[in-house]
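What follows is a set of notes on a single structure, which appears directly below.
Index from 1, following the sequence. The analysis underlying the following values was restricted to heavy atoms, covering all of them including side chains, and did not include hydrogens, waters or symmetry mates. We count ligands from 1, going down the list as the structure has it; atoms in each ligand are counted the same way.
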Amino acid sequence: MSANVLRITLVMCVGVMMTDSQSLRKKIYMTVPQLISSAGYPVEKHRAKTPDGYILQLHRIPAGRRTARRSGSPNAKGKKAVLIVHGLLGSSSDFVIMGPERSLGFILADAGYDVWLGNLRGNVHTSHQTLKRNNPEFWAYSFHEHGKYDAPAMIDKVLNMTGLEKVFYIGYSMGTTTFFTMMAQRPEYNDKVIAFVALAPAVYLDNMRFLANFLLKTVNLSSTMRARGMLSLAFEPGTLDFVVSSFCATRNPDADMCMRLVFSIVGEDYEQNDWDMMPVILSRFQPASWGQLEHFGKIAITGVFTSWEDGLWGAVKPYNLSNVAVPVSLFYGENDQLTEKSQVLRLAAELNSTGVLESLQPGCSCPKFNHLDFVFAKDVGNLINKPLVKHINMLIKKYDKD
Ligand SMILES: *[C@@H]1O[C@H](CO)[C@@H](O)[C@H](O)[C@H]1NC(C)=O
Ligand SMILES: *[C@@H]1O[C@H](CO)[C@@H](O)[C@H](O)[C@H]1NC(C)=O
Ligand SMILES: *[C@@H]1O[C@H](CO)[C@@H](O)[C@H](O)[C@H]1NC(C)=O
Ligand SMILES: *[C@@H]1O[C@H](CO)[C@@H](O)[C@H](O)[C@H]1NC(C)=O
């Protein structure tokens, strides 16, 4: 009885939301190529194959809106290629979802870059040659494999398709972890990268030690879930959409439960929270393997940027950050509680000691700037992405000798 009442109430809430913003709600279910072409940009799909059988879709925006309108069949001849790699629970979607005025993928394309949006194994744009997604083997990976196989395969694909010798790499959060684990394991990829921009880099996570210990040791979360047959930390898009539209709809910081929960992990920033977009963003969250979470947990618990072959409680084997040989620009959030400033400073000191630190700065001189703001801030276009394009222009001039 009471369950039914609750259900009816929830359905009514969703109904109200739907009539409120039909077109926004469509964005929850659009594919990334649909998002790109409906914004007026050319789009291409490419597939990178990893040596261990994963197939990763790359979404390419070879030209900006104006070029596309003018020339009909845009191409990327003579352009510099930029590969953007997403974070945990993310996908290529994160760099177009806020639209042409705000999202990095579009802004870079309009600035004359050949934009490649990567996808790391596990998200909806990836598959495996033989393993189905309901096979536990499909999920037996961490960002160790993202770095060892996925990023190299994507870089090679970009270079092969463009004929260029080097690509510019931008990573956000776990997309930066991927970069560092790549260079530690496959330093020859330094020769294929012009420079690296790291947004909210996730390398040291001492600030998450308590949470990691609690979830992985006390609650035994990943082992218990695995034992119960839950293959990954996954969200059914329909369910997520339903929950999010029901509980994330108050639009009032005093009554809000949903964003408060999110903010408890990434840092609170109601100022830059886009209430219209949040249901879309949260509903598009992608699965993560338990191995990814355990690996981050191991780093948080040990305080070492360690490999994970021996498992969560196994031997600690530091990744060799001295293998990074390309210029690295680090951007942190003043109020990022996940990849905290103090932890980024520690990484900066290490990269500085080997001479590869190009710059270290706040993504925005905004005291509330949190982890998600790097991609989803209400004003992310002006606060982050437009200045970032200038920074990238400068780096290309300085380091690309083509
Ligand atoms: C791309 O890969 C194909 C197949 O391996 C190869 O034949 C071609 O020469 C490559 N192109 C470039 C520009 O590397
Ligand atoms: C964690 O859960 C797994 C699977 O249920 C179990 O085998 C293991 O003993 C548990 N570990 C601890 C420390 O409770
Ligand atoms: C780490 O890499 C650097 C540069 O590639 C090398 O000189 C150093 O010996 C390596 N350190 C370890 C512990 O392997
Ligand atoms: C990097 O090292 C140089 C020389 O040791 C020092 O002057 C500079 O302040 C350092 N930069 C950072 C961000 O640590």
Is a side-chain donor-acceptor pair under 3.5 Å present for [Y] with [X]?
| X | Y | value |
| --- | --- | --- |
| Glu350 | Tyr204 | yes |
| Asp156 | Tyr189 | yes |
| Glu294 | Ser222 | yes |

Anything under 3.5 Å between an N or O on ligand 2 and a protein N or O? List each pair with its distance, or write none.
residue, atom, partner, partner atom, Å
ligand 2, 2 (O), Asn220, ND2, 2.3
ligand 2, 11 (N), Asn220, ND2, 2.8
ligand 2, 14 (O), Asn220, ND2, 3.3

Quiz prompt | Leu357 neighbourhood, listing ligand 4 atoms whose heavy-atom distance to it stays under 4.0 Å | solution = 13 (C)
Exercise. Take atom NZ of Lys368 as the centre, draw a 6.0 Å sphere, and report whether it contains more than 12 heavy atoms from other residues, nucleotides or ligands.
Key: no
Quiz item: Can the ring centroids of Phe143 and Tyr319 be said to lie less than 6.0 angstrom from one another?
Solution: no
Quiz prompt | Sequence-distant partners of Thr126, side chain to side chain contact (heavy atoms under 4.5 Å, CB included), two or more places apart | solution = Leu56, Asn119, Asn123, Arg133, Phe138
